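Working notes, beginning with the structure itself.
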Amino acid sequence: MGIGKMCRRFYRLCFIFILVPLFLWVAITPSHGAGIKIGMKDEPKTLNPFRASDTWSRKVVTRFFEPLYTREPKTHKIIPWLAEGYPEYDEATNTAIVRLKRTKWEDGSPLTAHDVVFTGSVIREFKVPRYYARWRFIKEIEALDDYRVKFVLERPMAIFLPRTLMTFIVQKKKWEPVVTAARKAEKPLRCLLAHEVKQPMSCGAFTFVKWARGAYIRIERNENFFATGMEIGGKKVGPYVDGVLFKFYGSMDSAILALKKGDIDYYWASIQAGYLKDLEGDRRFKVFKNDKNGVYYLAFNVRKSPFSDKAFRQAVAYLIDKDFIVIRVLQNEGQRMDNIIPPGNGYWHNPDTPKFGQGMKRKERIKKAYEILKAAGYTWGKPPINAKGKVVRAEGLKMPDGREVPPLDILTPPADYDPHRAMAGMLVQQWLRGVGIPASSKPSSFGSITQQVKVKRKFDAFILGWGRLGIDPDYLRTFFHSREDRLYGRNPMGYHNGWYDNIADESAATMDETKRRELIFKMQKFIVEEAPYIPLYVPYVVEACRVDRFTGWNEDLDGVGNRWSLFFIKPAQ
Amino acid sequence: MHLGKFILIRATQIVVSFFIILTLLFVLFRVAPGDPASMVIDPQMTPEDVEVTRALFGLDKPLYQQYLICLKNFVKGEFGSSFYYGKPVIEIIGEKLPNTILLFTTSIILSALAGISWGKVIAWRRGSLLDSSVTVIGLVSHTLFLPWIALLMVWVFAYWMNLFPLSGMITPELWLNPETGITMKVLDVLHHMVLPLSVLFTIHFGGFMLIMRSSMMETLKEDYIVTARAKGLTERQIRERHAAKNAALPVVTTLGLSLAFSINGGAITETIFSWPGIGRELVFAVSNNDYPLAQIAFLLIAALVLVANLVVDVLYAYLDPRIKY
Amino acid sequence: MSLLEIRNLTLHYKTTKGMVQAVDKVSFSLNRGESMGLVGESGCGKTSVAMGIMKILPTNAVIIGGEILFKGEDILLKDDEEIRRIRWKGISMVFQAAMNALNPVISVGDQIVEAIQAHGRVSEADAWEQVRELYSLVGLDPGRRKSYPHEYSGGMKQRAIIAMSLACSPDLIIADEPTTALDVIMQDQIIQEIVALQDRLDMAMVYISHDISVIAETCSKIGVMYAGKIVEYADADSLFYDTLHPYTKALLSSYPSIKGEIKRLNPIPGEPPNLLDPPVGCRFDPRCPEREEICNSHEPEYLEVKEGHFVACHFVKPA
C-alpha cells in the first residue's frame, strides 16, 4: 500500500505549503489594475442586459448601458442623458419626438436613433420581462433620421418619460445577429435571454476588460464616454478613476476584513449594525447612512373577515408600535414608515399621511384599538379594558356578525433569511394578542410565502418588503389596483376599491408632473388610511468607503453605490 | 462470481438507482413550495412577465409532461439551463467543479493520508503521552465548529499576520498583469489554497485519525500480530505490513465516500473563503428553486457516491483476499 | 549447558482490577533435542511462560523476577534487536491455526518468506524455494504456497504454520496447543508429524497443551502447571506411573487413558483460584482431595523428591 511513502510525500507537501507563502510574500506586489476596488456579495450572473435582474449583475451591466434620460443625483429630477433636451410631446396625436446627442459606442461608431428603435422593438417583439410593460403602449417607434426618434403612444402614459425613456440602449450592430438567431429558435425569448454576452458594447463610462469567473471583473474608463466633462448637479462628470475591479466576498465577515486590510475600497452592500463599531473608529473610512428606497410592510388578506373590515385593519395599525420595531429590532438603523412611498423619494412622497398611534404608549394603543373595535361592533368574552379602565388579558373576541375571530397567521420570512422581519412578526403577534386577536407569527420559507400569497392567495397576513422601488411612483398604482388581484399579481391582498382604481388609472395617464403629483398624494393618503398594507419600517443603507483613497462619493437614496459616485469620485492625494 | 460480472451487475444497479434518484429529485424540487418565477419580488415584474418567465422555464406544462421532458433530455445528454443564469447547467458546473475538486478533494486526500499515518502511529504507541495528546487533538479537530475555526484562522493568519490572502482563489491584480507567468499564477492559487485547505484539513483530519486509531487498535489485538512479532520481524514491518494494511480497510470505505461527497464542496467554507466552488452554487440553486442546476448538482453527487461505492467494493476485494464477488 | 533454562520466572498482568499473578516462580530446563510438555488447565499460565520465552507478551505483562537463559544468555536482559534476532532463528513457535495466527490478507507463502528474509540476506527466489521445500516437508502441496489462509482447510493451515515455524531451522520450537481445534484424526496426524519432524531435525521442543494424553505421546519430560506454578515435573514415565501430586493424579483421572484401560473419568471438582488474589498456602488447596490444615496457610516447597522428579506438595517429601 505504501502508506509510509505517501506519508513522507505528505510531509514534503506540507513543507512546500509553508514555503510558498513566504516566497509569494516577497514576490507579489499588487500594482496592476489601478482604480477603485469594489467588493460585492456575489458574482454577477450575466452581462446580458435583457436578462440581468439580480442586483449583482445590474451593478456591473449598468456601467456599460446608458438610457436616453436619467435622474439627477439627490434631486432625482429627470435630465436628458443620451437624449438632447426633453421629448417634444404632441397631445393631440400622442406623439413624442426625442432628439439624441452625438454620442459614440466604445468602438467609435455613433449611437443613433436606429439603436434606440432597435432596443425598443426587441423588447416589444420578445416581450422581455420587466421591460415589456413600459413599452407595450408604444404603438409605433421610428427613426426620423440618425438622431431623431418618433414614438407614437396608444394613449398618454405617465411612465413614458420616467420608465420607457429610461430603458438602457443596446447597439443594433452587435445585437442584430443575436436577435435574428433568436427569432428562429423554438423559444425566441429564451434564446435571447440565454445569449451570453462575452464582451458588452459599452456606451457608458466604463468598458469591459475581463471577467475571471469566481474571482473578479475588471472594467476600465471609457475614453469615448459622452458625458465626461458634463456638469451635473454642480459637479463635473468623470470618471476620474482608471477603472473598477469588482471582487466577490461570500460573507460579510470576509468583506469587512477585506475592507480593513485594504483589499477593497468599498463594499457595495448594506453593512449590518454589528460590524459598524469596528469601521466607525477607523479614520480611513467614512460610514454613510442613507435611506433605502423600499418599504417593509404588514399586508392583509382583505378578501375575508376580519381583515376585510377597515376598522379592524386600523385597530391593528394602532396596536403596532413602529418606533419600538425601529429601536429594538433595527437598532435604530432605519426609520418608521407611514407611507408606501419612502420619504427619501422626495418629490413624490406625501408626508401628510395618517400616522396611526404615533407616540402612543402601550396602554393607550390597546385602549384606542379597543374603542375602534367596540365601535365597529366587535365583542369580547372578556374585554382588554376592564370596568376600572385597567388593561387585562382579553378573551373571546367576536366579530360583529357574532362569529369568533379565527386564529390568524402572520407569515414572515425565517430568521436566518431576515431576522428583522421574523422579529417584527413576533412583536406584531404579541401586540395583536393584547386585544384578544388570536394572531401567530409563522416564519416560513420564502418559497412557501410566495406560494401562499402570490399563487394560492390563501393566507391571513404576511410581512414582506419591497426594495428597488425606483423613483417613479407608478408602483403605488399597481400595488393596490384591483386589476393586479390575480395569479402572480402585485395586489395579492385582494384589495378592491373603485375610487382608488379610477384615480390610479388617472395618475397613470397624466403626463403633467404637477397634476400627477396631486393624484399620487391623494392616493397615498387614501391607501394608508384604508390600510390594506401597514407600512412598518425601512432600514438604512449603511456603507463604508475608503475616504482616504477616494473622495467625492455621491450620497443618495439607496446609498453611495450609484452611477454618480463612480462618475464623481477622485483618487485622494 | 467473476469480478467482471459483479461489476456489470453493480453498474446496472447504479443506472437503476440513478434514475430513481433523478425521479425523487424531480418530485422533491417540485413539491417544495414556490417556483423560481413567482419568488422574484420585483416591483417591475407584472403578472404577465411571471407567466412568460414560467413558460420560459417550461413550468407552464403539467408536471408529468415536465418529468417526461426532463427524462427525455437526460437520456439525450441535455441537462438543461439554469433558470437563474440562463446558461447551460453543464457550463456552470464545469466552471465551478474544478475549483471544488482542487480544494475539497485535495483536503480529503491530505487529511486521510495524515489521519491514517498518525492514527497508525498513535495506536502503535497506545497509552503513551503521544497517543493521549494526539487523540485529544483529533477529538478536538473532529468536533470543531467549522465557521469558528475558519474565521479564526482567517483573522489570525490572513488579517493579523498578513501571511495569506483573506479569501478568493486568485489575486486579480496579479492575474491582470500580462507579464505574470504561469508559475506565478500556480503559486498564487496555492497561496490562496493554504488557509481553506488548512481549515478543511483540521476538520477532517481528526475523523480519519480516530477511525484509523481504533481500527488499528483492533488489529493489534489480532493473533497474527503476535505471530509477526514472534517471527522476528522489525517493529516497522509489523506495523506497516501486518497491522496498518488490515486496519486501513475500514478507512478505505470512509475515504471513498468522503471523496465522492467532497465534490459537493462545502457552502460554509466556500462562503467564508469566497471560494468559487459548487457548494455555494448548490445552496443558492436550492434556495432560489433553480431546479435544473440543483438537480444536476445533486445527481452528480449521487452518481459519484454510487460509483465510489462500487470502487470501494472492488478495492476492498483487492485489499482483502477473503472478499470475493 | 542446557539449551533453555528457566529459573524462578514470575510474571504478572496489570489489569484494571489489580495484578494477576499469572506465573509464579516457574523453573525448568531443556537440553538440545529434548522435548518437554507443559500441561495444565486453561489459564494456568503455560502460554504466558511460552510467550515469556519469546518475549512476545502483551504490553500489560510485567516480569517480576527470574531468568530465562537461552544458550546460557538471559533473554530478559537483551535489547529489542537482540531479541528480534533470537526469535524464529533461535526459538520459533507453532501457533494454533484456529487462532488468527496467519494474516488473512497476505498469502501464506509470503508470510513464510518474510520470516526467512527477516533473518538473513536471502533472495526472494531462494526464499520461495525454501518455502517449496518446507511445504513438501510438512506434506503440503507446494503449488498452494501462494494461496491465502482462508483458502486452506484447518489441517492445511496447521501444517503451514508448522512449516513456517521450521523456516529458520530453530534450535527450539514452542508448540502452543497446535492441535486443539482440529478433529481427532487430523490431531493425530499433526502430532505424528511434529514428533517425526522434531526427531528428524533434532530440535528441542516445548509442547504446550491442556490435554495430558497428547503430551504423553510427544514429550519425554512433562511439567504440570496449576495456577501459575509448576506443581510436578518429571520424565514421562515417572509422571504417569509414579504420580505424586494430587493435581496430577486428578488430571490423569479426568482424561481417558492412553494405555487403553477403561475407567470412569473424574472431572476435578471446583474451579482454579482467582489469580488476582491467589490462596496464601498451596494454590491447589481449595480443590485438593488430600488437603490438611497446613495446606491452607503454608506454601509447599518445590523439591526434587526423586532423581529428576520435582513436586510441590506438603505430603510428598524427598526420600
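Here the structure is a predicted model, which is why all the values come from computation and not from measurement. Chain identifiers are assigned alphabetically (A, B, ...) following the order of the sequence lines, protein sequences preceding nucleic acid strands; residue numbering begins at 1 within each chain.
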Worksheet item: Regarding A:K41 and the six-membered ring of A:W56, is the cationic atom NZ or CZ under 6.0 Å from the ring centre and inside 45° of its axis?
Response: no

Discussion item. Using ring-ring contact (aromatic ring centres under 6.0 Å, His included), reason through B:F284 and B:Y84 one step at a time and then give a plain yes or no.
Written reply: CA-CA 10 Å; B:F284 193 81; B:Y84 210 77; 5.1 Å; yes

Worksheet item: What part of A:L487 lies closer than 4.5 angstrom to a heavy atom of chain B: side chain, backbone, both or neither?
Response: both

Fill in: Which atoms of B:F83 approach chain A - backbone, side chain, both or neither, heavy atom under 4.5 Å
backbone

Discussion item. I'd like to know if A:R457 pairs up with A:D485 as an ion pair, taking the criterion as any Lys NZ or Arg NE/NH1/NH2 lying under 4.0 Å from an Asp or Glu carboxylate oxygen.
Written reply: yes

Discussion item. Please classify the contact of A:Y417 with chain B as side chain, backbone, both or neither, using a heavy-atom distance under 4.5 Å.
Written reply: neither

Response to the item:
The interface call for A:K456 against chain B, heavy-atom contacts under 4.5 Å, is neither

Worksheet item: Measuring heavy-atom distances to chain B, does A:F248 have an atom under 4.5 Å in its side chain, in its backbone, in both, or in neither?
Response: backbone

Fill in: Electrostatic pair A:R490-A:E484, nearest N-O below 4.0 angstrom
yes

Worksheet entry | Heavy-atom pair of closest approach, residues A:T164 and A:W135 | O-CZ2, 3.5 Å

Worksheet item: Is A:K458 atom NZ crowded by more than 12 heavy atoms from other residues, nucleotides or ligands, each under 6.0 Å away?
Response: no

Worksheet, complete the sentence: So, the part of A:A212 with a heavy atom under 4.5 Å from chain B: the answer is side chain

Discussion item. Parallel, tilted or perpendicular: which one describes the rings of B:F205 and B:F201, with boundaries at 30° and 60°?
Written reply: parallel

Practice prompt. Flag the one option from A:A215, A:A133, A:A194, A:S448 with the top tally of heavy-atom pairs under 4.5 Å to chain B.
Written response: A:S448

Worksheet item: Relative to chain A, which segment of B:P88 carries a heavy atom at a distance below 4.5 Å: side chain, backbone, both, or neither?
Response: neither

Practice prompt. Start with the C-alpha distance between B:H192 and B:F164, add both sets of side-chain angles, then the distance that settles ring-ring contact (aromatic ring centres under 6.0 Å, His included), and finish with yes or no.
Written response: CA-CA 7 Å; B:H192 280 80; B:F164 301 100; 9.8 Å; no

Fill in: Which portion of B:A55 sits near chain A, non-hydrogen atoms under 4.5 angstrom
backbone

Worksheet item: Between A:K127 and B:E48, is there a salt bridge with N-O shorter than 4.0 Å?
Response: no

Discussion item. Does any backbone or side-chain atom of B:S82 lie under 4.5 Å from a heavy atom of chain A? Answer side chain, backbone, both or neither.
Written reply: backbone

Worksheet item: Among A:V128, A:D253, A:L193, who wins on heavy-atom pairs under 4.5 Å with chain B?
Response: A:D253

Worksheet item: What residues form a side-chain contact (heavy atoms from CB on, under 4.5 Å) with A:P188, not counting sequence neighbours?
Response: A:F126

Worksheet item: Checking heavy atoms, do the side chain of A:R130, its backbone, both or neither come under 4.5 Å from chain B?
Response: both

Worksheet, complete the sentence: Applying a strict 4.5 Å limit to non-hydrogen atoms, the region of B:L166 in contact with chain A is both

Worksheet item: Which bit of B:S81 is near chain A, if near means a heavy-atom gap under 4.5 Å: side chain, backbone, both or neither?
Response: both

Discussion item. Which residues in residues 46-55 of chain A have any heavy atom closer than 4.5 Å to a heavy atom of chain B?
Written reply: A:R51, A:D54

Discussion item. Please rank A:D42, A:V455, A:V209, A:V453 by heavy-atom pairs under 4.5 Å with chain B and give me the top one.
Written reply: A:D42

Worksheet entry | Side chain, backbone, both or neither of A:K187 within contact of chain B (heavy atoms, under 4.5 Å) | side chain

Worksheet entry | side-chain contact (heavy atoms from CB on, under 4.5 Å) against A:K442, all qualifying residues, sequence neighbours excluded | A:D409, A:L411, A:S444

Response to the item:
The interface call for A:E43 against chain B, heavy-atom contacts under 4.5 Å, is side chain

Fill in: For B:N99, all residues meeting side-chain hydrogen bond (donor to acceptor under 3.5 Å, both in side chains), sequence neighbours excluded
none

Item to complete: Determine the option with the most heavy-atom pairs under 4.5 angstrom with chain A, choosing from B:G86, B:P276, B:P43.
Response: B:P43

Response to the item:
When the 4.5 angstrom heavy-atom criterion is applied to A:K260 and chain B, the contacting part is both

Worksheet item: If we ignore angles and hydrogens, is there a donor and acceptor under 3.5 Å between the side chains of A:E196 and B:Y85?
Response: no

Discussion item. Less than 4.0 angstrom from a charged side-chain N to a carboxylate O is my criterion; do A:K247 and B:E173 meet it?
Written reply: yes

Worksheet entry | Chi angles and distances behind the ring-ring contact (aromatic ring centres under 6.0 Å, His included) call for A:F479, A:W466 | CA-CA 11 Å; A:F479 290 169; A:W466 291 107; 4.3 Å; yes

Worksheet item: Do NZ/NE/NH1/NH2 and the carboxylate oxygens of A:D474 and A:R477 come within less than 4.0 Å?
Response: yes

Worksheet entry | Among the listed options A:P129, A:A255, A:G465, A:G489, the residue most often paired with chain B at heavy-atom distances under 4.5 Å | A:P129

Worksheet item: Is chain A contacted by the side chain of B:I170, its backbone, both, or neither, given a heavy-atom distance below 4.5 Å?
Response: side chain

Practice prompt. Using non-hydrogen atoms and a 4.5 Å limit, figure out which bit of B:M45 sits close to chain A: side chain, backbone, both or neither.
Written response: both

Fill in: Side-chain donor-acceptor contact under 3.5 Å, B:T219 with B:N246
no

Worksheet item: Do the side-chain N and O atoms of B:T269 and B:W275 include a donor-acceptor pair separated by under 3.5 angstrom?
Response: no

Worksheet item: Which of the residues B:R239, B:R54, B:R241 is involved in the greatest number of heavy-atom pairs with chain A at under 4.5 angstrom?
Response: B:R54

Item to complete: Measure distances from B:D42 to the heavy atoms of chain A and classify the residue's part below 4.5 Å as side chain, backbone, both or neither.
Response: both

Worksheet item: Which region of A:R136, side chain (C-beta onward) or backbone (N, CA, C, O), has a non-hydrogen atom less than 4.5 Å from a non-hydrogen atom of chain B, or is it both or neither?
Response: side chain

